[in-house]
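Protein chains get the first letters and strands the later ones, always in sequence-line order, with residue 1 at the start of each.
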Amino acid sequence: MKSELLMPALSPTMEHGTLAKWLVSIGDHVSAGDILAEIETDKTTMEVDAHEDGTIVELLVAEGATDIPVNSAIAILEVEGTAVTTSETPRPVSPVAKAETAPIPPTAVTITEPEFTGETEKTTLRIALRDAMAEEMRRDESVFLMGEEVAEYQGAYKISQGLLEEFGARRVVDTPITEHGFTGLGVGAAFAGLRPIVEFMTFNFAMQAIDQIINSAAKTLYMSGGQMGCPIVFRGPNGAAARVAAQHSQDYAAWYAQVPGLKVVQPYSASDAKGLLKSAIRDPNPVIFLENEILYGHEFDVPRDKDFTVPIGKARIWQEGSDVTLVSFGIGMSHSLQAASLLADAGISAEVIDLRSLRPMDTETVITSVKKTNRCVTVEEGWPVCSIGSYLSSVIMQEAFDWLDAPVINCTGKDVPMPYAANLETLALITPQEIFEAARTVTYR
Amino acid sequence: MTDRKSRNKKPARRKPRVNKDELFAHFRTMLLIRRFEEKAGQLYGMGEIGGFCHLYIGQEAVVTGLEAIAEDGDKRITAYRDHGHMLACGMHPNGVMAELTGRSGGYSRGKGGSMHMFSKERNFYGGHGIVGAQVPIGTGLAFADKYRENSHVTFTYFGDGAANQGQIYESFNMASLWKLPVIFVIENNQYAMGTSTQRASSTPEFYTRGTAFEIPGEMADGMDVLEVKQAGARAAAHCRAGKGPFILELLTYRYRGHSMSDPAKYRTREEVQKVRGEHDPIDMVRARLLGLSGVTEDDVKKVDAEVRTIVNEAAEFARSSPEPEAHELYTDICR
């Protein structure tokens, strides 16, 4: 009986992979647990092992082949013993393979930073973030990176790949899994004049350290009458990944945006990721730098210029429009741009604004836009109560009340802990369709 | 306290040598702290100082002894019972007292208060209001010194209450792992607010709490300034030699309540009186001084008079310094 070996998903967000190396040949006998091949993604490298005893009769994918879809057959195994037909073998279903749960692909249109006119290259957010750190570490000896698995493992999400090699263990520091302690340590190092970049494997784990972030990092400049600054960057993935349930799927944008003494940014594009991270590292204040795991692999045009930075506190108009203003940030931009495209098909012209910075927040750009379109929909992945959207709504009400032709609608994640089940997770997350419907509601069309 | 002393792992190895000038300097520093705190208590009672105010009276020998062996460039950080630390490291009494009264002449221009004062100039990194939070931060100050490859040490002070916190052990682990030059100074005054160490700590020997991390520890009588100094010198030598952190448990006692609003129901008045009468850090030094040839009662009284003048000036400054201007509400939030 023949059994197919399938391309495994190595992470909740993996869609494709590379077959780096075959460790078996046709005719080899393998036992369950034997290592058959090495698989790579842009995030990680892992081994594939045999699930049953048998003989390799066919290798369907050549060594070095890239972009192999998850769940496609990579080899055929002749299995010994009782016959179990291939069709009865349960086939693992990758969450990302299902259309309804698939992460939203980046919009086909990538717009280069409008204020930038130089040469660009296609770069993923992952590489853009790495390059930003490396460039700043070359520029300033006091900048160092610390966090869990940032050095020898090359980053849990491969953001710090190659940094240990270039900068050594003094400046790329693997920490124990003790967020409370190493966050406080980073704050102390910053008080002493170093410029730490503290990576949280995800911002969910930063809750263990939130006292140090808020009480120690954010408030000390004020409490010291301006003497003791804290030049530190806290960065890592924020918000929902895919199928990792409630404790690993939370958007903290609104939490941190509330705190005076912090700066908070959440980039969508790779150019903003790079430009904002460089600005964050140079900033003399504590900066919360919120990333998104799903966006890490997405490519955008990024300026080649090493001095390219993006100012903190400035929104970016991605698309001009006249009928409705869509305001978002981070992964919400991906949904908003898709919604804008659906709206265009329906004859509605949407202006799409990426806030990029949540504190300070460029409400002026939003107000100017709303005065033009007279309608607004806010979009974010986080929960609805005391959200970024509810704050924006209050600002719009106070500053553009007479221009509004409809109440502002806040599209948010649902007011529930993130469920695990694929169908429920889809229901909990914000979708382009919901944004589309909200825009139709405020435009009465 | 005497039973705890008998368990001291490494008692002072020899009788400290007594140098008259040094002894006078310690006497003066301790007396300055005590008179300053008495004045602060008085101003609190008059409503000139608000909020929380944690007095250091009784514990003066701890910071005085350790500051005596600190070198230029060494750093210090503590929690909220911090007035003594600031005076001992050379911060001006006027600026400290004016911060207590919330005036523009204070170290934080009135925006920090009793628990939140800093001095870049004196390498005093606060002044922290959250129990235990200063310990990872102090470890990070030491990380910066190690990063810069200098020989400075950081004195990271905390109490017996904070010693049971999780972040302390996270700090111990990293400090030992990375051989950071930090002295963890546990000021064991035997009460975490109103809870005695016996009621809060599974093991009372805090200096042994680093054993699991291979951090050496030592306990000393925190009421005896010369013993503190000797123990501190050993700890600092260990750190400066690149051997990593050291834990110093100093047995001490606070005479006043945890803060100004303390019902004092958790210990007897007799217990306090006994320490005051028999083991007061300032009385012990005064007796030593008077035992030296050529030192008279007048010499000692002169120091007291001098200190009282400084404290009265500080109080005067703190009451006359203007409140911060309204626009200060929005300054120093971000640089």
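- Interface summary for chain B: among A:Q208, A:E141, A:R171, A:K219, the most heavy-atom pairs under 4.5 angstrom belong to A:R171.
- Contact count against chain B (heavy-atom pairs under 4.5 Å) is highest for A:G226 among A:C230, A:A218, A:G226, A:A209.
- Counting only distance, with no hydrogens or angles, the side chain of A:S390 and the backbone of A:S387 share a donor-acceptor pair below 3.5 Å.
- Side chains of A:H180 and A:Q212: no donor on one and acceptor on the other come within 3.5 Å.
- At a threshold of 4.5 Å between non-hydrogen side-chain atoms, the residues A:M133 and A:I197 count as touching.
- Residue A:L276 holds its CG atom at 11.0 Å from CG of A:L290, rounded to the nearest 0.5 Å.
- In this structure a side-chain-to-backbone donor-acceptor pair under 3.5 Å is missing from A:Y256 to A:I213.
- Contacts between A:S142 and chain B at a heavy-atom distance below 4.5 Å involve the backbone alone (N, CA, C, O).
- Atom OG of A:S160 sits about 11.5 Å away from atom CD of A:E152, to the nearest 0.5 Å.
- The main-chain N or O of B:S108 is found under 3.5 Å from a side-chain atom of B:E99 such that the two form a donor-acceptor pair.
- Contacts with chain B were tallied for A:N215, A:T178, A:L262, A:T183; A:T178 has the most, counting heavy-atom pairs under 4.5 Å.
- In terms of heavy-atom pairs under 4.5 angstrom with chain B, the leader among A:L194, A:V173, A:T175, A:V187 is A:L194.
- Taking non-hydrogen atoms and a 4.5 Å limit, the residue list of residues 145-177 of chain B in contact with chain A, ordered by number, reads B:Y147, B:R148, B:E149, B:Q167, B:E170, B:N173, B:M174, B:L177.
- Checking side-chain atoms of B:R209 against main-chain N and O of B:T203 turns up a donor-acceptor pair under 3.5 Å.
- Here the closest non-hydrogen pair linking A:V287 and A:A280 is CG1-CB, 3.7 Å.
- Using a 4.5 Å cut-off between heavy atoms, A:Q227 contacts chain B through both its backbone and its side chain.
- Interface check for chain A: of the options B:P136, B:G106, B:G138, the most heavy-atom pairs under 4.5 Å are formed by B:P136.
- Annotation: A:F205 is in aromatic contact with A:H248 [ring centroid separation under 6.0 Å].
- Of all heavy-atom pairs spanning A:S216 and A:F191, the tightest one is O-CZ, 3.6 Å.
- Note: B:W178 and B:F143 have perpendicular aromatic rings, judged against thresholds of 30 and 60 degrees for the angle between ring planes.
- Ring-centre distance between B:H85 and B:Y56: below the 6.0 Å cut-off.
- Within residues 117-135 of chain B, the residues having any heavy atom closer than 4.5 Å to a heavy atom of chain A are B:F118, B:S119, B:K120, B:F124, B:Y125, B:H128, B:I130, B:A133, listed by residue number.
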